[in-house]
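Just so you know, ligand 1 is whichever comes first in the structure, and atom 1 is the first atom listed for that ligand.
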Amino acid sequence: MGLLAGKKGLIFGVANEFSIAWAIAKKAHEEGALLGFTHLPGDKMERRVRKVAEPIGAKLITPCDVQSDGDVARVFALAGEALGPLDFVIHSIAFGPREDIQKPFLESSREGFKMAMDVSVYSLALVSRHAAPYMTKGGSIVTLTYFGGERVVPGYNLMGVCKAALDASVKYLAHDLGPKQIRVNAISAGPVKTLAASAVGDFDKLAGLYELSAPMDRNIEREEVGSAGLFLISDLSSGITGEIMHVDCGYNVMGSPGRAIEKVKSLFLAKVQATNPDLAAKLRDDDEIKRL
Ligand SMILES: NC(=O)c1ccc[n+]([C@@H]2O[C@H](COP(=O)([O-])OP(=O)(O)OC[C@H]3O[C@@H](n4cnc5c(N)ncnc54)[C@H](O)[C@@H]3O)[C@@H](O)[C@H]2O)c1
């Protein structure tokens, strides 16, 4: 019997098959859960979500803009009819105007800040508030965050400030909903190529840093976020709430570049070796390079 046999959940944030929400939904489906999905209003968005959600027998596919209180209320009423009491909700949503995200936080516009906070942070409180009455037997709410909310990650900018607020929201919501046995947790995922990630400047460079510095010498696979999501919505995590769980090959624990300098040095020397072996030999002998 699947880990989620008999469980029902609502998934916010599938834009296409590359979405992190989809990686979690797929695992949930494989483990026997019945699912409902929301998508941003619009034919194109609906088509993309139907393409992936219909083949797995989605019980509900409906538009939802989390900037609208009415939309969120309507979606939960529909989910109640289509699925009955809910066991879990995935909140995998973030948005900020690209021009605001791609400049230093110092330069963020007031409007960009308000919009990014509304969609990426307030929506978790709104969704949780509307979810609670439908989670009559308790349950699990999971959101997606990023390390750029804990430490400065150049390029993440305004979204980092949103993630810091989201991380704090997870803890307050865990406290508020704890008496109802509703758990609220976040997965802090390493870089995954998605539509939302394309708004972050230098995404490829950021992902490359994980291969250089993470304790596991690699970046994560999107399926690994799916598995962590499965754990957090299953009863295996029944004692866990208010947690920010890092799925990042350990990148967040590093306090120095670790093996990155050694790796960059040998990559550099390999390049020089290919075109100028004498220079490469000299550089290998060079005291300063050795010290590096
Ligand atoms: N991709 C990464 O590297 C990465 C890493 C850590 C955390 N995250 C977080 O994961 C979450 C999901 O992003 P993703 O990378 O899967 O990208 P994605 O583009 O696939 O998903 C983002 C989703 O947000 C939804 N959305 C945006 N505005 C909305 C609104 N007003 N109302 C309702 N939905 C709205 C979009 O429709 C989309 O489905 C985000 O919170 C993101 O910050 C992503």
J.: Regarding atom 36 (C) of ligand 1: of the candidates Ile11, Thr145, Val121, Leu40, which has the closest heavy atom?
T.: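 That would be Leu40.
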J.: May I ask which of Val119, Val49, Asn16, Leu124 has a heavy atom nearer to atom 28 (N) of ligand 1 than the others do?
T.: Val119
J.: Polar contacts were defined as any N/O atom of the residue lying under 3.5 Å from an N/O atom of the ligand; does this apply to Ala21 and ligand 1?
T.: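 There is no such contact.
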J.: Please confirm whether Ser188 approaches ligand 1 to less than 4.0 Å, judged on its heavy atoms.
T.: no
J.: Taking only heavy atoms of Gly190, which atoms of ligand 1 are found under 4.0 Å from at least one of them?
T.: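 By the 4.0 Å cutoff, the relevant atoms are 3 (O), 5 (C).
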J.: Among all protein heavy atoms in this structure, tell me which lies nearest to atom 33 (C) of ligand 1, with the distance rounded to 0.1 Å.
T.: Cys64 O, 3.3 Å
J.: Mind checking whether Lys137 and Lys180 have side chains closer than 4.5 Å, heavy atoms only?
T.: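 Sidechains of Lys180 and Lys137: no contact.
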J.: Quick one: nearest non-hydrogen protein atom to atom 31 (N) of ligand 1, plus distance?
T.: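 For atom 31 (N) of ligand 1, the nearest protein heavy atom comes out as Asp65 OD1, 2.9 Å.
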J.: Which word best sums up how the rings of Phe113 and Phe105 line up, parallel for under 30°, tilted for 30 to 60°, or perpendicular for over 60°?
T.: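 The rings of Phe113 and Phe105 sit tilted, inter-plane angle from 30° to 60°.
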J.: Can you classify the ring geometry of Phe76 versus His130 as parallel (below 30°), tilted (30 to 60°) or perpendicular (above 60°)?
T.: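 Correct class here is parallel.
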J.: Does Arg183 reach the side chain of Ser237, with side-chain heavy atoms less than 4.5 Å apart?
T.: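 The answer is yes; the side chains approach within 4.5 Å.
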J.: Before signing off on this row, confirm whether Ser19 and ligand 1 have an N or O atom pair separated by under 3.5 Å.
T.: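 Looking only at distances, the answer is yes, because the N/O contact criterion of under 3.5 Å is met.
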J.: Please compare Gly42, Pro41, Ser92, Gly96 and report which has the shortest non-hydrogen distance to atom 22 (C) of ligand 1.
T.: Ser92
J.: Just wondering, do Thr194 and Ser19 contact through their side chains at under 4.5 Å, heavy atoms?
T.: no
J.: Is there at least one pair of N or O atoms, one from Gly13 and one from ligand 1, spaced under 3.5 Å apart?
T.: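 There is such a contact, yes.
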J.: Mind checking whether Ile240 and Phe231 have side chains closer than 4.5 Å, heavy atoms only?
T.: yes
J.: Can you see whether Arg74 engages Thr62 through a side-chain donor-acceptor pair at a distance of less than 3.5 angstrom?
T.: yes
J.: For atom 25 (C) of ligand 1, what is the nearest protein heavy atom, given as residue, atom name and distance?
T.: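 For atom 25 (C) of ligand 1, the nearest protein heavy atom is Ile93 CG1, 4.1 Å.
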J.: Give yes if a backbone or side-chain nitrogen or oxygen of Ala196 is under 3.5 Å from a nitrogen or oxygen of ligand 1, and no if not.
T.: yes
J.: For ligand 1, which is the ligand I care about here, please tell me if Ile20 has any N or O atom under 3.5 Å from one of the ligand's N or O atoms.
T.: yes
J.: Pick whichever of Met159, Arg48, Lys193, Lys163 has a heavy atom sitting closest to atom 42 (C) of ligand 1.
T.: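 The nearest heavy atom belongs to Lys163.
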J.: Answer yes when Glu31 and Lys27 have at least one side-chain N-carboxylate O distance shorter than 4.0 Å, and no when they do not.
T.: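 Salt bridge: no.
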J.: Do NZ/NE/NH1/NH2 and the carboxylate oxygens of Glu224 and Arg218 come within less than 4.0 Å?
T.: yes
J.: Is Asp204 paired with Lys193 through a side-chain N to carboxylate O contact shorter than 4.0 Å?
T.: yes
J.: Any idea which of Val14, Thr38, Asp118, Thr194 brings a heavy atom closest to atom 15 (O) of ligand 1?
T.: Thr194
J.: Would you mind checking if Arg259 and Glu262 are paired as a salt bridge, meaning a charged N to carboxylate O distance below 4.0 Å?
T.: no
J.: Return a yes/no value for Val192: is any of its N or O atoms, backbone included, closer than 3.5 angstrom to an N or O of ligand 1?
T.: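 Yes, since at least one N or O of Val192 sits under 3.5 Å from an N or O of ligand 1.
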J.: In terms of atom number and element, which parts of ligand 1 are under 4.0 angstrom from non-hydrogen atoms of Tyr146?
T.: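 Matching atoms, with element in brackets: 6 (C).
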J.: Could you tell me which atoms of ligand 1, counted from 1 in the order shown, lie closer than 4.0 angstrom to a heavy atom of Leu144?
T.: 9 (C), 10 (O), 11 (C), 41 (O)
